[in-house]
Protein chains: 6
Amino acid sequence: MRPSGRAADQLRSIRLTRGFTRHAEGSVLVEFGDTRVLCTASVEERVPPWLRNSNRGWVTAEYGMLPRATGSRTDREAARGRQQGRTVEIQRLIGRALRAVVDLEALGERRVVIDCDVLQADGGTRTASITGGYVALADAVGTLMKSGKVRRNPLHGQVAAISVGIHQGTPVLDLDYAEDSEAETDMNVVMNDAGHFIEVQGTAEGHAFRRAELDSMLDLASDGIERLIAEQRTALEG
Amino acid sequence: MRPSGRAADQLRSIRLTRGFTRHAEGSVLVEFGDTRVLCTASVEERVPPWLRNSNRGWVTAEYGMLPRATGSRTDREAARGRQQGRTVEIQRLIGRALRAVVDLEALGERRVVIDCDVLQADGGTRTASITGGYVALADAVGTLMKSGKVRRNPLHGQVAAISVGIHQGTPVLDLDYAEDSEAETDMNVVMNDAGHFIEVQGTAEGHAFRRAELDSMLDLASDGIERLIAEQRTALEG
Amino acid sequence: MRPSGRAADQLRSIRLTRGFTRHAEGSVLVEFGDTRVLCTASVEERVPPWLRNSNRGWVTAEYGMLPRATGSRTDREAARGRQQGRTVEIQRLIGRALRAVVDLEALGERRVVIDCDVLQADGGTRTASITGGYVALADAVGTLMKSGKVRRNPLHGQVAAISVGIHQGTPVLDLDYAEDSEAETDMNVVMNDAGHFIEVQGTAEGHAFRRAELDSMLDLASDGIERLIAEQRTALEG
Amino acid sequence: MRPSGRAADQLRSIRLTRGFTRHAEGSVLVEFGDTRVLCTASVEERVPPWLRNSNRGWVTAEYGMLPRATGSRTDREAARGRQQGRTVEIQRLIGRALRAVVDLEALGERRVVIDCDVLQADGGTRTASITGGYVALADAVGTLMKSGKVRRNPLHGQVAAISVGIHQGTPVLDLDYAEDSEAETDMNVVMNDAGHFIEVQGTAEGHAFRRAELDSMLDLASDGIERLIAEQRTALEG
Amino acid sequence: MRPSGRAADQLRSIRLTRGFTRHAEGSVLVEFGDTRVLCTASVEERVPPWLRNSNRGWVTAEYGMLPRATGSRTDREAARGRQQGRTVEIQRLIGRALRAVVDLEALGERRVVIDCDVLQADGGTRTASITGGYVALADAVGTLMKSGKVRRNPLHGQVAAISVGIHQGTPVLDLDYAEDSEAETDMNVVMNDAGHFIEVQGTAEGHAFRRAELDSMLDLASDGIERLIAEQRTALEG
Amino acid sequence: MRPSGRAADQLRSIRLTRGFTRHAEGSVLVEFGDTRVLCTASVEERVPPWLRNSNRGWVTAEYGMLPRATGSRTDREAARGRQQGRTVEIQRLIGRALRAVVDLEALGERRVVIDCDVLQADGGTRTASITGGYVALADAVGTLMKSGKVRRNPLHGQVAAISVGIHQGTPVLDLDYAEDSEAETDMNVVMNDAGHFIEVQGTAEGHAFRRAELDSMLDLASDGIERLIAEQRTALEG
């Protein structure tokens, strides 16, 4: 039995609320159960130096946690003067994942920044960020297309992500914080709407995992991401 | 006529939502119109070095804006590696304002950190932070008293804050961003529930202001803060 | 009785020594009693990025304290790698105060930096900095006008500042360190030569202050600043 | 045909030179073809704060590249004042990988730091670092056991790592820089001597990869790592 | 002929003003012509971590230049967030030079910090700092001995420093800024009152210098330092 | 007798291995006994801002030590976020020394960066860096001349460096770490192939040194450097 009482292949309750704040070109509150992340997409009419005059755009992500998003307060990174290694890893992952479905030439010489700020954390903040970040990005792209600044849709697919793990010997989907703390293996999987892999990151926390366990986790992840892709579609059509 | 269409002495719609997130000892979403700030109060059983073995506690504040809380995206301070001067000024102000109603000996040798994170900005984020921060602090203190860790109520008063300014020659209350951008004078006033001043910060943006103008602004602020104090009381009784 | 033995409305001995060092376009040693601040004004033929090609100039200030300006040594900010919150607040205040009397278009596309370095501290360093910084700025502007680089006088007024406070229940003018440490309220007031306010910053240190106390402090400040404005004029005519 | 002319499942020439420098408790030059990394293991008789008085030790890694290890010079991180995101990711990966085969209680309350400094880069520096870092760690552990400071062998397994990828549609093993630049998918696999997974990190660089491709890459990696494990054993017996 | 009109072996006008500011245990304004440096000595009853419980003290120096001590303004190091290489070199030199005449055991477990802040620069700021820093240190030591905290005089000698150089083929003493800018060789010499060397730092700016030139410069420096040592003695007896 | 068993005027075994790594325009492993430094020379077709459009080039150096180059591990400067004072001093010295034999106009508007990374330290790393750095620079210059980018040889001399010191009252050449730790005086001397001085840096570690001691040390250094210059020539002809 999982601590959450969920079935092994059961996602937490998923919510995608568009237009959560009003200034950003895309603003989505994504909830995976008690995990709540505000994803905003900001369009800027400039690109990083290495892309100037390239006719190509860029999509990047930044990630942060409010100090008391977690059970005990963590130091504010702005006050400490540096981002932690974990933060840097996560925001690089989110950026790579989203760029995997973007045609940067079609986007044109501009930058979209996806800010993922965790208001409340209960495990899976990086997968929620990718899943919600995609919807914010889609809204920003929609704005660009409506305004005529972008002609051809730069999004050539959807992307979503979920965590899987081995909990007390059983592969389980979408771990919350309590499950994640006890899991022997933790894996984050990013896939597109064609069911192909964009990123796979699995780490043995306790003992090393076998190939069969890896296979089961990948199966669970594929099913979960299919459902997230559907949730994204519903949200964007809403 | 104010850009917002409000009367000169009219506050924006005020909302104080307690329990907005679940981990913190106090968690309040404060809204002054479109300005939305999440204020959390975190209790830590340790004090800064200079208070060790003093039998006194500490209350401090940190302030941040999500990068896209504003009309155009501002750089993430954690990524830049330093907090801006404006941020430092605001969080020092919030901390001083809240400490003005706290008996630090009654609090005991522990620290309460008030994190004020702006989810959406439309002027007056520092006054909203003080007003909402007080409610979060009151909730955290309530938790400490219920648990028996604190015997005597460390709060000896309420504190709230509002901005006033001179807009097209007229003193007005609670400026939103559009009004603030055009105001000739901008003043932030912090008062307690006895109607006394805790902090007054007035700055001439355009031309210098006269004593009579200062007096009118202080009158407006007193009235506005009285209403905010009542809103706080209602929220805490709710 | 004040610790300093002064009457409630009595300034400390004020000295403004022009030409204290020889390289700067303006160089003034300002003394408010034992508080000694070296204010230099440096003209640079460039502006911050956001003013390029705007035909407008800029005036900014930086503030520092020599490590042993104070009773016990404070860490050198350059060695610690960051300026303290207090330093940032003060230099922002000095810059705003001086810009309030400058026509930035008349100044032309150049920058004047006012460096205020405290050689010896005994309370009131920020008000001494503003008062002395104005004289240094006036000397730099004089140099620019003599050289013909600036045609129209960019200074449309004088600016000076003083602290006031409530000490043992009595409003007093120009607090030294001993008085400031005991004061219940501390207020810094910046005014121009027309007797209007440029900045008012009052903070309750002990208990909150009443409107009548605020009024008395403002009256004291007005009188004190009038005398400082006269001292500036005498120095500049000398 | 691979740019390197190797067969799809062929490793580059692997060399593990122990005792490359003389001060460290373990010092190994690892070469995967033209990639050369100096891995040193340093034993320190202290642990990070969170492990004090826990009777447990710690193993951590730091990673760096000499500025001209690469085709064009990269800025020295010490001079820039911060480690890049890529550096932080890699050193966290190396540390996790090595800790997966260490019994931290058997190690006792001390810290082993594995420094992996790239003298020459030609792809696969992180997998070479893990593979060589293990040998340096084993030498340091050997020293600790010979001295009697550690009684029970803290190493309960071997760990090695290799990269795999899809190059022009074909899964290939141990990519050099030229191959890596063109690869559609890049995956780093860390395994132990039992053939189980410690870490799997796969990223689609071009198009998303299918499950069958993932399976082929994992097969290649398993075979490659088995050979690396044998190389480590030979080196340690040498 | 030297730009300054001085004879080759002529020092600039030297002044040592004790008690220049009032808080520090030693406070000396040292002037070498137009170069003016404020040297303060601060006694702190604690030592760096590596000297705790060693019964030995420490003497260290910090160096800074006010931004407009120089002909054109230099950035404030506190604002830039780091000390320049030149600053670090100079303060390390001053610290080494002063420690060369201090018996750190006789000083006892405490630290004396010599802050050397350049108010006006005209060449030779580091040699002025050492020469004036010694007098400030002597005053601080005098205070410690008078108070009985230190029994045995920790100063076992005097130390002073001067620059020498080759200007238009001629060895000259005590270069001012104009001479230093044109000099082919620049050398700083630190000696004690026995006429022995504590530090010699010579750098060819133009062409390399010969042994005979080096010898002449050392002769000039010896004579100059003898006179500085006498000036220090006079100042301390004054 | 020296700890190393060498005669007072005996160098350690010197080796200069060109082409140690393959990417850099010059790559030399220099060994002074157990001190091993990798010196690479990187040519970049850009100059620092202050040399743009000047038709002059620049030569600069950076210095680093691998964390475990030393007997006990030192913190990685990249991880600490700043270079130590010692590092900054050394790299400034190396840069000055090398520029002393370069005609920056003949080099043309480009930059050569000499990276000196200490793989193993046993005293004399800065003198080894200068001596080996010259050979790397000569190789990079050779590449530039072969390619025709540079017409006139920018090297107008050779430069090498050695340490000398007073060990148990005797002047000795080329101190290793054990000797350096016990030396009463430590001096680094940089000379060119004409036997003239480029830099002399002598520091009394124990007691101050006399003129006769200084003279002996300079004699030893001259002889030693003459031999190093010959070693460089042999290596470059090899």
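Fair warning: this is a prediction, and the values are worked out from it, not measured in the lab. Throughout, a chain's letter reflects where its sequence line sits, starting with A, and its residues are numbered from 1.
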Kindly provide each donor-acceptor pair between chain F and chain E shorter than 3.5 Å, listing atom names and distance.
unit_1 : atom_1 : unit_2 : atom_2 : d
F/E89  : OE2    : E/R92  : NE     : 2.6
F/R92  : NE     : E/E89  : OE2    : 2.6
F/F197 : N      : E/F209 : O      : 2.7
F/F197 : O      : E/F209 : N      : 3.0
F/I198 : O      : E/A204 : N      : 2.9
F/E199 : OE1    : E/T203 : OG1    : 3.4
F/E199 : OE2    : E/T203 : OG1    : 3.1
F/V200 : N      : E/G202 : O      : 2.9
F/V200 : O      : E/G202 : N      : 2.7
F/G202 : N      : E/V200 : O      : 2.7
F/G202 : O      : E/V200 : N      : 2.9
F/T203 : OG1    : E/E199 : OE1    : 3.4
F/T203 : OG1    : E/E199 : OE2    : 3.1
F/A204 : N      : E/I198 : O      : 2.9
F/F209 : N      : E/F197 : O      : 2.9
F/F209 : O      : E/F197 : N      : 2.7
F/R211 : NH1    : E/D219 : OD1    : 2.9
F/R211 : NH2    : E/D215 : O      : 3.2
F/R211 : NH2    : E/D219 : OD1    : 3.3
F/D215 : O      : E/R211 : NH2    : 3.2
F/D219 : OD1    : E/R211 : NH1    : 2.9
F/D219 : OD1    : E/R211 : NH2    : 3.3

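- Put simply, of F/G85, F/G206, F/A204, the one with the most heavy-atom pairs under 4.5 Å next to chain E is F/G85.
- Contact annotation for E/L218: both backbone and side-chain heavy atoms come within less than 4.5 Å of a heavy atom of chain F.
- In plain terms, the two heavy atoms of F/I198 and E/A208 that are nearest each other are CG1-CB, 4.1 Å.
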